[in-house]
Amino acid sequence: MDKLVLIDGNSIAYRAFFALPLLQNNKGTYTNAVYGFAMMLMKVLEEEKPSHVLVAFDAGKMTFRHRDYKDYKGKRDKTPDEFSEQIPLMKELLDRFGIRHFELHQYEADDIIGTLSRKADQEGFSVTIVTGDKDLLQLVTDKVHLLMTKKGVTDTDRYDPKKIDEKYGLKPEQIIDLKGLMGDPSDNIPGIPGVGEKTALKLLKQFESVEGVLDNIEDLPGKKLKEKVADNRRDAVLSKELATIMCEVPLDFSLDDLKYEGFSIDRVSPLLKELEFKSLLERIGGAGSSADEAEEMENISVKRVQPDETAEWESFLQQSPLTLYLEMSSENYHRADLLGVALSDGEQHLFLDWETAAGWEAFAQWLQDPEREKWCYDIKGNQVALRRQGLSSDGYSFDVMLASYLINASDSAHQLSDIAQRRQIGGLPEDEAVYGKGAKRRQLTGQELAEHLARKVHTIHQLKPILEKELQENHLDALFFELELPITHVLARMELAGVQVDRERLQQLGEELREHLEELTARIYELAGTEFNINSPKQLGEILFDKLGLPVIKKTKTGYSTSAEVLEKLAPQHDIAEEILHYRQVVKLIGTYVDGLLKEIYPSTGKIHTRFHQAITATGRLSSSDPNLQNIPVRLEEGRRLRQVFVPSEENWLILSADYSQIELRVLAHLSGDEKLIEAFQKGMDVHTKTAMDVFGVSAEEVTPLMRRQAKAVNFGIVYGISDYGLSQNLNIPRKEAGEFIRRYFDSYPGVKQYMDDIIQKAKQDGYVSTMLHRRRQLPEINSRNFNRRSFAERTAMNTPIQGSAADIIKKAMVQMDEVLRREGWKARLLLQVHDELIFEVPEEETDALSERVRRVMEGPVELAVPLKVDVNTGRTWYEAK
DNA sequence: TGAGTCACG
DNA sequence: ACGTACGTGACTCAC
């Protein structure tokens, strides 16, 4: 059977424009609307498999509707240029897809769609209309269905007459009556004032149509309503007329002309490539997609050095700088095998398989020679992997991964191929395209491996000067060379040192927790009256809300929410809630911290070697994985006991923990220059108590624990970029009350208020914010017209300088501390960093002296308007060092 | 693979 | 009116 798809081009594109971030390609062309439109187009082509397609656009500003009502669409904001300029690109895309598009002077896209759907319906087509506009529901029949965008761009609902009846209790043709009564502010259609969707639906149920309502004004409920309808009869009729889609538009083509024959990849992919729609390109497997590129890559010449030839290449190693790339068997460089090495001087690329490289004495010498400069991708990974092969390495002078991160920390991908692609350097396929992923992953060998690595070193070599220049242009070079590059070596040492774990103690804690879990499970089954999988939010939701009939507090996309926040609210009503909360805690402890950590212990040493990621977070913080040692429990005693398993690696050593007190609020005091906040810290006051005094207008003695708790939440809120809603959620109080707290906070600390306003202003001007050490975070959405996106960017603008400067400070302290430990010959070792805390292992006899030394270093990296304060604690385990 | 949940600062 | 606290990583379920 013939199937016609009619797409409301402007509606879908407009929707995409507001739903998606304002994407730009390398040439600065805005592409978000085209992207969303293309996504929808491809989805519809795949799912509907149409034989005929047409995309209708609106033509110009004036339509026949303006003749009847000159204010039609009168209150619309001007269409943004960033949107308008994307329309031609959409049409170009459609041409390449071989899809007809059409617009007609004086008519809207709706009318074209209406005319064609009517015609196709009569000729026995089945029709699907795609739009985000509810008005088009009037066109639905048994054979004309409508896909309406629900959320985002491609998430849609399908409407047929039955669905419209379910949702509104109306027949499709009554949609115009609905709009006649309620109007539509976005099109400036008046309707009847005071009549909204609820009233309109009620009236239509009884009287069928606008005319029916107008003929029976006496029977309408309520005096007010009678008056309003009577006074606005003309507007109601006019509104209905305006909402009526005109189905007799003169068209100079027939349905046959809309035949869709499928598209040619060769026609479509060049445009997708130009627009930089990588995922869509992948989807159609077009030229320039990774699969394609892997095949069509230009040849690269690489010298594969054989074991008996190494002597001939010693002179190559005399050059400086050289680019080095090591390929490993897996992501975790602590465990990975080394597969091969590539070296490049920019002209010539060498490849050695790992056995050959490992047996080459001159190579080992070159590696550890600090005078021989090495350019690299991920210095730390290389350094750790080499060290595990017994090789020292030094002289690393550039890291393209770190440079890329500093230039734009928000880029989700700092994979070498991504960095290159963003700078228009071709010739390097993505690892995924070469190696495959998941079950299809394969290892390369021989010439293939040699060539792939040659492409990588070559790419790094080309990128280095480009990135270095970008660093300079953005004043990031000092941060790069004086902080990020040095700290990468500190982190390498920390990771290699590892943390000793008391395996027996860990297993013992595991046993205790497992016993506890059994008790909890039994109790929950008893309270529920049945056995079920407590770990499944779905099953748990059914038990709580269907079986036990507890009130639904919150929903998620997929069903009932059973989050801790919800369970806490249910606790007064049913004992099961508290048990489940407790169960969840224990499951978490066993799964993530007992079994999770056991898996990560290296059998030969009993240590755990995390990896610190230096190029992940948007703010400049580190992150940690495999395992994450930055989120070991501390808040609740049951979990905190897990810290007992982290012990020193040598006899008679201790764990020493040094943490910054209120570093973020101190940074805020400094950045804002707020006198009162500065004074609070200078006087060594408890800042939350002080905030409570100011916000609640009481003396220190009058501050109750509740007041202090609330003040603390306000302080957190300030650091996060406050909103009344966020604070109200956190404190579980009405939004108005939260807003009042915030107002009083800003009254008390006007310098902070001023700072927040200024930083947002500056972000809007510059498009980025900076930390104390000039780290930048781009905020492309700070001027977005989408409220949510803009608000998020504004909160980020407030938070990032604070969180990021704190990150700068502790990183600088780490570099200095590492230097101090080595220069002054301490035996102690730095092991971990947890954002505002450094953890060392230290010989007993060094403990007291080191405590002072650490404090002095950590308190000194930057000069602030307030003192930095560091608390130091020591103990036999991490648990005791509190 | 994504969503939900929860551990940390 | 909009619908949110900032920054992470690991585990489990259900598709």
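So you know, we letter chains A, B, ... as the sequences are listed, proteins then strands, and number each from 1. Values in this document were obtained by computation on a predicted structure and should not be read as measured data.
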Which residues pass the ring pair (Phe, Tyr, Trp, His ring centres under 6.0 Å) test with A/Y14, not counting sequence neighbours? A/F18, A/F83
Within 45° of the six-membered ring axis of A/Y749 and under 6.0 Å from that ring's centre, is NZ or CZ of A/K753 located there? no
Would you kindly say whether A/E430 and A/Q415 are connected by a side-chain donor-acceptor distance under 3.5 Å? no
So which of A/K380, A/H609, A/R611 actually passes side chain to side chain donor-acceptor pair (under 3.5 Å) with A/Y333? A/K380
The side-chain hydrogen bond (donor to acceptor under 3.5 Å, both in side chains) partners of A/T796 (sequence neighbours excluded) come to none
Mind checking if A/N730 touches a base, just sugar-phosphate, or nothing, with heavy atoms under 4.0 Å? base
Rounded P spacing from C/dG3 to B/dA7 in Å: 29 Å
Whole-Å distance, A/E781 CD to C/dC2 C1', equals 15 Å
Between C1' on C/dT4 and CG on A/N732, what's the gap in Å once rounded to a whole number? 16 Å
Scan A/R777 against the nucleic acid and name what it touches under 4.0 Å (heavy atoms): base, sugar-phosphate only, or nothing. sugar-phosphate
Restricting to side-chain hydrogen bond (donor to acceptor under 3.5 Å, both in side chains), what partner residues turn up for A/T592, sequence neighbours left out? none
Taking ring pair (Phe, Tyr, Trp, His ring centres under 6.0 Å) as the definition, give me every residue that meets it alongside A/H574, ordered by chain and number, with sequence neighbours left out. none
What's the CG-C1' distance between A/N788 and C/dA1, to the nearest Å? 11 Å
Stem ranges for DNA chain C, with three or more consecutive Watson-Crick or G-U pairs under 3.5 Å? B:1-9 with C:6-14
Contact letters for nucleotides 9-15 of chain C, in which S counts primed atoms plus P, OP1 and OP2 and B counts the base, heavy atoms under 4.0 Å: BBSSSS-
Nearest whole Å is fine: how far is C/dG3 P from A/R790 CZ? 13 Å
Counting any heavy atom closer than 4.0 Å, what does A/V834 reach on the DNA or RNA strands: base, sugar-phosphate only, or nothing? sugar-phosphate
Go through the structure and list residues passing side-chain hydrogen bond (donor to acceptor under 3.5 Å, both in side chains) with A/D431, not counting sequence neighbours. A/H452, A/K456
By the 4.0 Å heavy-atom rule, please label A/R584 as base, sugar-phosphate, or nothing. sugar-phosphate
Mind checking if A/E664 touches a base, just sugar-phosphate, or nothing, with heavy atoms under 4.0 Å? nothing
So A/I632, base contact, sugar-phosphate only, or nothing? Heavy-atom distance under 4.0 Å. sugar-phosphate
So if I apply the side-chain contact (heavy atoms from CB on, under 4.5 Å) rule between A/L581 and each of A/L570, A/I576, A/L567, which one comes out positive? A/L567
With sequence neighbours excluded, residues passing side-chain hydrogen bond (donor to acceptor under 3.5 Å, both in side chains) with A/R795: none
Close residues, residues 794-811 of chain A, relative to DNA chain C [heavy-atom separation under 4.0 Å]: A/R795, A/N799, A/Q803
Spacing of the P atoms in C/dT4 and B/dA3 (rounded, Å): 14 Å
Could you tell me which residues satisfy salt bridge (charged side-chain N to carboxylate O under 4.0 Å, His left out) with A/E600, sequence neighbours excluded, listed by chain and number? A/R335
Could you check how far CZ of A/R789 sits from P of C/dG3, rounded to whole Å? 12 Å
Heavy-atom distance under 4.5 Å between the side chains of A/Y745 and A/I722, does that happen here? no
Test: A/E484 and A/R775 ion pair at under 4.0 Å: yes
Range on DNA chain B touched by chain A, heavy atoms, distance below 4.0 Å: B/dA3 to B/dG9
Quick one: ring pair (Phe, Tyr, Trp, His ring centres under 6.0 Å) partners of A/Y755, sequence neighbours excluded? none
Using whole Å, report how far CZ of A/F787 lies from C1' of C/dC2. 6 Å
Taking the side chain from A/K547 and the backbone from A/A528, do they hold a donor-acceptor pair closer than 3.5 Å? yes
Whole angstroms only, please: what is the CD-C1' distance between A/Q614 and C/dT8? 16 Å
Atom-pair distance (NZ on A/K554; P on C/dG3), nearest Å: 15 Å
